[in-house]
Amino acid sequence: MADPIFRAPKGTHDILWPESARRRALTAVFADIVEGAGYTEVVPPMFEHVEVFHRLGDATDVVRKEMYDFLDKGGRHIALRPEQTASIVRAFSEHRPTVPWKAWYEGPNFRYERAQKGRFRQFDQVGVEALGPEDAHLDAEVIALAWLFYERLGLRRVTLMLNSLGGPLDRARYVEALRGHFSSDLDALSADSRTTLAVNPLRVLDSRRPEDADLVAAAPSMLDHLSDDAAAHFERVQAALDSLGIPYMIAPRLVRGLDYYVRTTFEFVAEAFDAAQNAIGGGGRYDGLAEEMGAPATPGVGFALGVDRTLMACDAEGVFDAPTTTVDVFVVDTTGGDQALSLTDELRRAGLRADRAWDARSMKAQMRAADRSGAALAVIVGEAELESGMVALRDMRGDAGQETIHRSSVIDTLLARLQ
RNA sequence: GUGGCCGUAGCUCAGUUCGGUUAGAGCACCUGGUUGUGGUCCAGGGGGUCGGGGGUUCAAAUCCCCUCGGUCACCCCA
């Protein structure tokens, strides 16, 4: 292939129509659902002081090796956001809105890592964050909203994985139990997992390396280490999901990559596509994060859904198709182009979606362009029509054929036909 | 950061094993067949420094080395 001079940087790509339109439609579906549930949009900056993201946990890969950071001209240490929860909670801490504060967002995130299927250096997420209430029903609400979103898209093969990490103290006790378990048979662990064990024992549960499988399967369960409070909260979340008719699988080994999670954690897995990255969304509770950002202690719960991966799942299930056209009418003018110029403008002013051909090409070439545009109707102006003050209106989709109408009635006719 | 696979027209690929006439196909695009009418069909046409660099050879898309890029997987995550 002849190499272009420039190409999109590693791990990034251009999204051309119609995929771009599909993404916009997906975001619109999401916005419709969450705004209708009382969530308001927040648009945080795409970069923050790097310390904001250090609150995600110094042991996480996101912070340790995937940060897209740089010094700006003022010497500030800046990082492109790897996710948006930290930014939203920072904004909460900065503006102190009254609680409950229910926010939603969409937009790109950045992580410096090697790209593969479903994993990019710039990727879009949509998500919600709800701060204030400690109510387990709020955990259920955000899960239900994500569930509704998948339903609206037409996705059917999504599994909700649910776990509880307990409170901070439960979590610490559990980490010790895990450390003990894995340390008892270090030789059986892969080298990578031994390294992980030293940094963050929870992460070992995530290992996909076959040699670790037995030891991971035999590991103690988080659910046996929950305090009474945490266990009660988890019970209430499950009861709420049950009453809402949302199916889930308890996943005691579901560990999420960010250290701020406590109590409820969840993940949405697409069963329909076989990539290694089959998690299309995830979230959980982060009751300590607001305090870490300098706000009064405020519980929070939320999720982020990967737009790219969700669309891949839609592809795998053959749902949520891309649009096939952007215009309804196409203007063909073989009299030099002045008619196309004025007619197209009139149609657009009347609210019609209209396009036209260029360069005064032949009737055949213009009709081909009309066909390709996907427009349902073509308005044709040739010499004969120009002289008689008429235009030809041709059905490009069905078999309604072609009729000749007065030019002055073209807008009314089109509006009626496209109704 | 580590490993596997792959780079030939805008796209999907053949040709590379056993180097050898002007490097091919389908799709897409343009023109014509149709002196006004697309989607089917027919004919013709434009478009490629065979990712880049170096080497071996009379001769390299084809063999060797380096490099860049893509992709998939690990790590980890959306």
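A quick note: this is a predicted structure, and the numbers were derived from the prediction, not measured. Chain naming here is simple, since letters A, B, ... match the order of the sequence lines and numbering starts at 1 in each. For the numbers below, each heavy atom of this structure counts, side chains included, while hydrogens, waters and symmetry mates do not.
The nucleotide B:U2 finds its pairing partner in B:A73, both defining distances of the Watson-Crick or G-U wobble pair being shorter than 3.5 Å. Applying the Watson-Crick and G-U wobble criteria (two distances, each under 3.5 Å), B:G48 pairs with nothing in any strand. In this structure, B:U31 forms a base pair with B:A43, meeting either the Watson-Crick or the G-U wobble geometry with both donor-acceptor distances under 3.5 Å.
Residue A:R397 places none of its side-chain N or O atoms closer than 4.0 Å to OP1 or OP2 of B:G39. The side chain of A:Q116 contributes an N or O atom lying less than 4.0 Å from OP1 or OP2 of B:C74. Taking 4.0 angstrom as the limit, A:R121 places none of its side-chain polar atoms (N or O) nearer than this to OP1 or OP2 of B:C76. One finds no side-chain N or O of A:R7 lying less than 4.0 angstrom from the OP1 or OP2 phosphate oxygen of B:G70. Phosphate contact (OP1/OP2 of B:U31, side-chain N/O of A:K364, threshold under 4.0 Å): absent.
Residue contacts for A:E385: at a heavy-atom cut-off of 4.0 Å it reaches a base atom on one of the strands shown. Using a 4.0 Å heavy-atom distance criterion, A:A370 is classed as making no nucleic acid contact. Looking at heavy-atom distances under 4.0 Å, A:V381 makes contact with a base. Residue contacts shown for A:R394 include a base, since a base heavy atom lies under 4.0 Å away. Using a 4.0 Å heavy-atom criterion, one finds that A:I380 contacts the bases of the nucleic acid, with or without backbone contacts as well. Here A:G281 lies in heavy-atom contact (under 4.0 Å) with sugar-phosphate atoms only.
Heavy-atom distances to RNA chain B give each of A:R368 and A:A392 a nearest nucleotide, and the one nearer the 5′ end belongs to A:R368. When each of A:M363 and A:Y112 is assigned the nucleotide of RNA chain B bearing its nearest heavy atom, the one mapping closer to the 5' terminus is A:Y112.
The aromatic rings of A:Y150 and A:F268 sit perpendicular, their planes meeting at an angle over 60°, well past the 30° parallel limit. Taking the six-membered ring for Trp and thresholds of 30 and 60 degrees, A:F30 and A:W104 have ring planes more than 60 degrees apart, a perpendicular arrangement. Taking the six-membered ring where tryptophan is involved, the planes of A:F110 and A:Y68 are perpendicular, since the angle between them exceeds 60° and thus also 30°.
On a pure distance criterion of 3.5 Å, no polar donor-acceptor pair joins the side chain of A:Q366 and the base of B:U37. In the interface, the side chain of A:R309 is paired with the base of B:C77 through a donor and an acceptor atom under 3.5 Å apart. No hydrogens or angles were tested; on distance alone, nothing pairs the side chain of A:R114 with the base of B:G1 as donor and acceptor under 3.5 Å. Taking only distance into account, the side chain of A:E267 never meets the base of B:A78 through a donor-acceptor pair shorter than 3.5 Å. For A:D371 against B:G38, a side-chain N or O and a base N or O form a donor-acceptor pair under 3.5 Å.
Distance A:F120 CZ to B:A73 C1': 15 Å, rounded to the nearest Å. The CZ atom of A:F268 sits 18 Å away from the P atom of B:C77 (whole-angstrom rounding). As a whole-Å value, the separation of A:N278 CG from B:C72 C1' is 15 Å. Between the C1' atom of B:C77 and the CZ atom of A:F110 lies a distance of 16 Å, rounded to the nearest Å. If you measure from atom CG of A:L254 to atom C1' of B:C77, you get 12 Å, rounded to the nearest angstrom. When the C1' atom of B:U37 is taken as reference, atom CG of A:L377 falls 14 Å away, rounded to whole Å. Atom CD in A:E106 sits roughly 18 Å away from atom P in B:A78 (whole-Å rounding). As rounded to whole Å, 18 Å separates atom P of B:A78 from atom CG of A:L155.
A distance of about 27 Å separates the C1' atoms of B:C64 and B:G24, rounded to the whole Å. A gap of 38 Å separates the C1' atoms of B:C11 and B:C58, to the nearest Å. Nucleotides B:G1 and B:G15 are separated by 37 Å at their C1' atoms, to the nearest Å. Straight-line distance between the P atoms of B:U49 and B:A73: roughly 33 Å, to the nearest whole Å. Between the P atoms of B:G55 and B:A61, the separation comes to 15 Å (whole Å). For the P atom pair drawn from B:C6 and B:A14, the interatomic distance equals 11 Å after rounding to whole Å. Comparing the P positions of B:G26 and B:C63 gives an interatomic distance of 27 Å, to the nearest angstrom. Distance noted for atom P between B:G39 and B:C29: 10 Å (whole Å).
Closest approach to the A:R203 side chain among B:C29, B:G39, B:C76 is made by B:C76 (side chain taken as heavy atoms from C-beta onward). Counting only heavy atoms from C-beta on, A:A384 has its side chain closest to B:G36 among B:A73, B:G36, B:C30. Of the listed nucleotides (B:G38, B:A78, B:G36), B:G38 has the atom at the smallest distance from the side chain of A:M367.
Defined by atom type and a distance below 3.5 Å, a donor-acceptor pair is missing between the side-chain atoms of A:E83 and A:N109. No side-chain N or O of A:E383 forms a donor-acceptor pair with one of A:T334 less than 3.5 Å apart.
Summarising the geometry of A:T264 relative to A:D139, their closest heavy-atom pair is OG1-OD2, 2.7 Å, with the distance given to 0.1 Å. Contact record, A:A350 with A:L415: O-CD2, 4.3 Å, taken as the closest heavy-atom pair.
Heavy atoms of other residues, nucleotides or ligands lying less than 6.0 angstrom from CZ of A:R348 number more than 12.
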